[in-house]
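I have placed the structure first, in the form of structure tokens, so that the comments after it can refer back to it.
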Amino acid sequence: MAAKVVHLALFKEEQIDHAAEAISRLHELGISDRDISVISGIPYSERILGRPMSWTNIGRIGLAGAVLGFLVATFLNFGTPLLYPIRVAAMGLTPIPTSIVVTFELTMLGLLISTFIGVFVETISPSFGPKGYHPKISDGHIGILFSGPAQLDEKIHTALSELGAEVVHEVEEEKLWP
Amino acid sequence: MAAETNLLQAVKPAEHAEEDPREHLMFDPRPREEMNRMVMEAMTTTTRRYWIWLIALGLGVAVLLFGAWGNMILTGIGVAGVRRPIFWGVFIVTFVFWIGISHAGTFVSAILRVFKAEFRRPFTRAAELMTTFGLAAGALYPLIHLGRVWVFYWMIPYPNARWLWPNFRSPLVWDFLAITTYLLSSTIYLYLPLVPDLAMARDRTKGWRHTIYKLLALGWRGTEAEWYRLRKAINIFAFAIIPVMFSVHTIVSWDFAVGMVAGWHSTIFGPYFIVGAILSGVAAVVTILFVLRNTMKHFDYFIRVEHFDALGKLLLVFSMAWAYFFFNEYLLSWYGGDAAVKQVLTLHATGPAAWVWYTMLICNVAIPWLTLWNKTIRRTPWAMFIITLLINVGMYAERYTIIPLTLGHQRSPFDWGVYNPQWTEISIALGTLCLFMFLYLAASRLIPLVPVWEVQEGQMAHTLRKVGKAEVPSVTELEE
Amino acid sequence: MAEQKAPQKWGLVVDLDRCTGCNACIAACSMENNIPFVGEDEVAYGRGLYWLYNKREWRGEYPEIKPAFEPVMCQQCGNAPCEPVCPVFASVHSEEEQINLAVYNRCVGTRYCANNCPYHARQFNYFDYELPEPMNSYLNPDVTVRRRGVMEKCTFCVQRIVRGRQKAAAEGREVEDGEIQPACVQACPAGALVFGDVSNPESKASQMARNQRRYQLLEELGTLPRVTYLKGGGRYGG
Amino acid sequence: MSNTLSRRDFLKLSGLGAAVSAVLTGCGPMARYIVRKPYTSMPEYNQTGLSTYYASTCRECPAGCGIIVRTKEGRAITIEGNPQHPVNRGRLCSRGVTAQQGLYNPDRIRGPVFQARGDAGRAKAITWDEALNVVQQALASSPDQIAFLLGAAPDHLFDLVSEMTATLGAPAPVRYNALTTFEGRTTLLEAARLTFGEETLPYFDLANADVTFAFGANFLENWLSPVAYTRAYGEFRQGRPTRRGYLVVFEARQSLTAGNADEWIPIRPGSEAILAAVFNRLVAEARGKPVSPAFSTVTVSAAAAASGVSEEKIRQLAQLFAAASHPLAIPGGSALAQADGLMTARSLLYLNAVVENLGQPGGVFLTPAQVAATDFAAVKELVRRMTDSKVKVLFIHGVNPLFELPGALGFGEALAKVPLVISFASFPDETALASDYILPDHTPLESFGYQRVLAGSDRPAYSSFQPVVVPLYDTRATADVLLAAVKQLGMAAAQAFPYKDEVEYIQQKLLPLIEAGGFYTAPEIFTFWSRWLQYGGWWKPQAELSAPRQAVPPEEAFPFTPPVELEEGKQFYLITFPNHFGDGSGANRPWLQELPDWMTTVTWNSWVEIHPKTAEELGLHDDDVVRISTPFGFVEASVYRYPAIRPDTIAIPFGQGHTALGRWAEGRGCNPAQVLPTTTNAAGDLTFGSVVATILPTGKRRPLARVESKEGIYGEH
């Protein structure tokens, strides 16, 4: 396949209907969802734009963290007292009631920390699909990034302009994070 | 503005003199660009007064907090007023106070988010910042009050040379774990929704700010995948942080409740502390919103009378809930007949420091109940400012009653004691107040205090729908 | 050998009918355990470091008034409220002596244990207390000198228990009843304090603890104190 | 004993002593033959890491309890009771266990000084050679112008000085100690002489008594031998399986003894004599005994009127006493410090004869040692001589008269008239600072000596002192100083005292004991000496006290002095009582200062006890500073609202109010000696018992450092 050029179509925030329409047009023009990426200043659900659902591992990472936290808590509760047994009051060496508190806290800590780590890792890990950015996005514009074959450029431009989009050619990948 | 007002008047039917939906932020949309500009301006505008305050508070932190603390480390904890049998004093009172304040952010941000209370949108960040900084101020106290702070790390869960770990049966270790969890998670919870706004700020700044925002925005572009991840993470946090929040103050209450101290050993303490914490936290949010509204540019747009009104209602509910638990404590001890507990509770009201007890009741019950039912008062920001300050005075008095005053009147009258807070303690308590305000003041010019994207998202979902002759406010469910 | 046997459970019996309230126990305790004196202002503010103090309450009205003395020291609870709350295991139960140990070197000074002690038997070093030269000469080398920020309390003179046990072991015999005496017991002029192994039903302390005048401080809290009091002022004991 | 006796030889000798004691005690470091060395070259009697125990005698009060001092690396660590000692049987009081704070007191006088009567500019340290010259010249002056003022302990120094003054032709030494005044010791001795025909202290067998009446005898605190009597008290309460003693104490202010009594009878001060007399009559009647004429005229109603106790109560108590199988009456303390104090003492001693307990278990015995007079009258006489400039040289040892004597006696003024005052004080007390020379003695834990008069011992006993550590400073035993000075005097005096040093003198005094049937003996003095040091003294193996051979009641009818009438609400009886500071010398022991008072739990200061009702009437609150004035002076102290005192009586503890004596004692509280009278009773004892005082608020407040919670105990905030 020939080298694809990345375009960005910017819609004003009130033109959300047009943006959704534009995506359908692109689909019609044979540009698949894989080559389209929507960037926006506020979240629009996939439903609104007629896009396939995104997919993320955050839930699983969070769960894994929770399990890890639970295991650490179990070690602290039931392992460490055995390493150096010290009796306090008439409590057993590894009483259940107190261990529940520690277990809860550490499980939650594991869950929350790993959720964040999940976000972080997924954000900085390489993503596929067109990259590109325009500061207008944070001003509320809805940007549709897509890459299509060069021969379709004309058609696409016409179609998008009809919908009121401001089209940027050949958007450069911007280095937004070190 | 004038044009809009006219427009509103034109639309407003004369016979419906009641509240206009456009008084609500959600029904008073502004273009994203304008809103960005307003927030950025608010963030970058610093007046002379601002710098004076910032420097004064910085000095306050240096002298009142670290100066007094340093002196106490060098001479001994005896410069504080603790004595037998009152081994915990102002430090622990203030600790509980700050941890209580820190419940506001989570409550406003997480609980209201989970229940989709739309009025929360403009001030979730302001509240979350309170959580983080309140915790930062509060978490100092377990260190400050230590007799030997230089060996504080012995409490951290790691083994010593003989493979002796800390005692996980001690509520103080639970405290350590809970506060660590809460501090980390609330900081992340502050940070996650901040990322899109940081990207916004990144796009509008140059120089050192740009560098910082670029770094912190993690390369945010706003792709669907990013939004999806963020939403997912925020959802996980919103649901998970609520039980953590409950656990934190419950564990703080267990510091007292698991003990043998008469007046502490009560199952009611967990919820009692949580309700008190939310009362004091929400009150502090109102206090801060008043200050923000009056000092920061454009904030009168974001923070509106409706917010004071809504938070006022919440405060009234929590004040009642607090009173309910307070009554519970007295009823049960009165009915149960444990002489020691009864004596402690009676002495709170009749002992040498009964004024603290009365302050607590007046500020926590009488004042909210007498004022907050009234819509006009709820919608008068300065009145709310004063009321919420008083509520926090009352909550401080509550903690003071629970800690030193209870410890001072235990089972053996021979060993009763009167606790006198000393200058060091007052200075350190004020010092952490300075720390909190300093951090808040600094943060107010470093991060966008209003979650622009959340406000925009909300405004998008809110419309005025014409039903017959009326324009009815309606909300579209855009989120899943 | 003594080590293979079940641990001795040391206990103290305080016969309040003998106790006169003379405070010799307090002085003896202070000198044995290197307890610093804190001065008038500090005592006035409730910071006197008395490991053992004499609780004097008044009974009756003038002229039928009379002080009721009750020497209170650490009760060495079997189920000690001070122990589990310490985050760093500075307050632990000793397996060998069955008493409540205060590990000064491990203490970080949270003071939680002291709040949780219903007997107010724990004392705190608010400052480093000056002991001018050459007064430091009398410091007992068997007992740690505590620095500021550390909790301290009665240990049943654990150093004497250990010394007594070692002496008996060196001589190849069991510890005799009454051989080991904490400083307060040793000084008590009225013989109101009796110390011994309460797990041995034959020891003098055990026998006294079975007296019908017996009671324990705040028994209802379930702390299982090792100190037993015998009511004073009463009639003939059993 | 030759000069060249080495430590090693000495230890060999000591080794001969049988080691049967429960606590194996060694012999002293023998201060005089040993020089101080750094710990790196440890003296051979020390072993690093091991404790060495020395038996000695406590000298914090004259009772003479046996102590065992645990030393380690040459330092005195703890002081424990000597389990074999007949006085205390291993027990000790708070003063005894804190004696190290005297030894290691940073305010000690560290060497001989020329003091120049407090003129700091001219004060200078001197050498012991210079000091000896001073003492020698002082002793060489006209004998009748020499005076010795000694404390109640130690006895060996008193013996030596007595012999010396006799040889020189000087007046006999005067002995004084505030405690002996507070005990009423002279009155008791005189009463014993009149009643039993022997001038010796009675021994009251409290342990075996069942109903005991105590008039002012605070035997649990300071009286005669507090540890011995407290030990007996324990037995009195719970020592017998089926019998619990019943104690009744008669006094206006509830002391610790009265607080521990089953009944405290708050009688009016000054009514003790008539009450004692009426008990004599009622008990004799109840027991069918002839009533002595001195008592037959006393009526119950008169006694009731005088004392404020109801007739019914008096009869009931008399009945109780008469019906008891082992009744015991103990006179002492403030009861004897009244105009009729001697009569009170005689009546009560005779009351024991009425119930036939003399020489019986639970009764009255006589202690063996003859007591040298330590009476107040002799001190008064000495002060008169000093005032009349008849004393040119005054030696003071073991007593602090400027503090202990009533201010009204004018000892300070009298002292100013003595050209040469030589003090042997170890601490810079008031009197030492007002002396010309301070030639510091060793502190008791560094000294040799013996104490002979052991009022708490149930058998003949001598208690020994030995140094438990080498002397810390450049101090010298006073006996050595005197012996050396006498030797320098030459001629007859030197021949009368051929002793090389104090130890030789003591050994010579011990010679009669070798054959006296003690629980150990030895073929010669050196072996005896080593055992003497090892056991901490010498005593008979079993209890051995003589019963009084006779009992003579007061014969003729006695004109009882009525109690002083008070102007109600304005005047109050003032009671001065010693607490754990003893004669006041304990005030420089920081732990004694920190020790809560028995009854009030006050520390570190003086207070004035006022009944709460009276305080309310006077508008006084706790901690208000009031001025207590008597015709003899005034003091100021904070109010303690004391619920166990007669409403017409106030009380101040003795022992504080030092203007000297080091950092812990100085400027603390008030000295009630300043308000005491100088009048004496028939036995020559100070009548401090019913001083009339007025209270004047000063408007100041000085909170008392109390251990109790004022709020918790008295419901005040």
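Note that the coordinates shown come from a computational prediction; the quantities given were computed from them, not determined experimentally.
Of the listed residues (C93(D), A644(D), P590(D)), the greatest number of heavy-atom pairs within a distance under 4.5 Å of chain C belongs to P590(D). Each of H611(D), R589(D), R706(D) has some count of heavy-atom pairs under 4.5 Å with chain C, and the biggest count is that of H611(D). Chosen from P266(D), G81(D), P643(D), A76(D), the residue pairing most often with chain C at heavy-atom distances under 4.5 Å is P643(D).
When heavy atoms are compared at a cutoff of 4.5 Å, E133(C) approaches chain D solely by way of its backbone atoms N, CA, C and O. Proximity to chain D (any heavy atom under 4.5 Å) is shown, for A28(C), by both the backbone and the side chain. Only the side chain of D15(C) has a heavy atom closer than 4.5 Å to any heavy atom of chain D. For a residue to count as touching a neighbouring chain, one of its non-hydrogen atoms must lie under 4.5 Å from one of that chain's; by this rule R89(D) does not touch chain C. Contacts of C19(C) with chain D are made by backbone atoms alone, with heavy-atom separations under 4.5 Å and no side-chain atom involved. For L49(C), the part lying under 4.5 angstrom from a heavy atom of chain D is the backbone only. At a 4.5 Å heavy-atom cutoff, the contact between F69(C) and chain D is made by side-chain atoms alone.
A salt bridge links E235(D) with R18(C): at least one charged nitrogen is closer than 4.0 Å to a carboxylate oxygen. Ion pairing of K66(C) with E263(D) is absent here, as no side-chain N (NZ or NE/NH1/NH2) approaches a carboxylate O to less than 4.0 Å.
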Could you go through the ring-ring contact (aromatic ring centres under 6.0 Å, His included) check for W664(D) and F37(C) one step at a time?
-> CA-CA 11 Å; W664(D) 290 295; F37(C) 46 91; 5.5 Å; yes
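Note: Y138(C) and W591(D) fail the aromatic proximity criterion, with ring centroids not under 6.0 Å apart.
How far CE of M31(C) is from OG1 of T98(D): 6.0 Å, rounded to the nearest 0.5 Å. Rounding to the nearest 0.5 Å places CG of L16(C) at 10.5 Å from CD of Q238(D).
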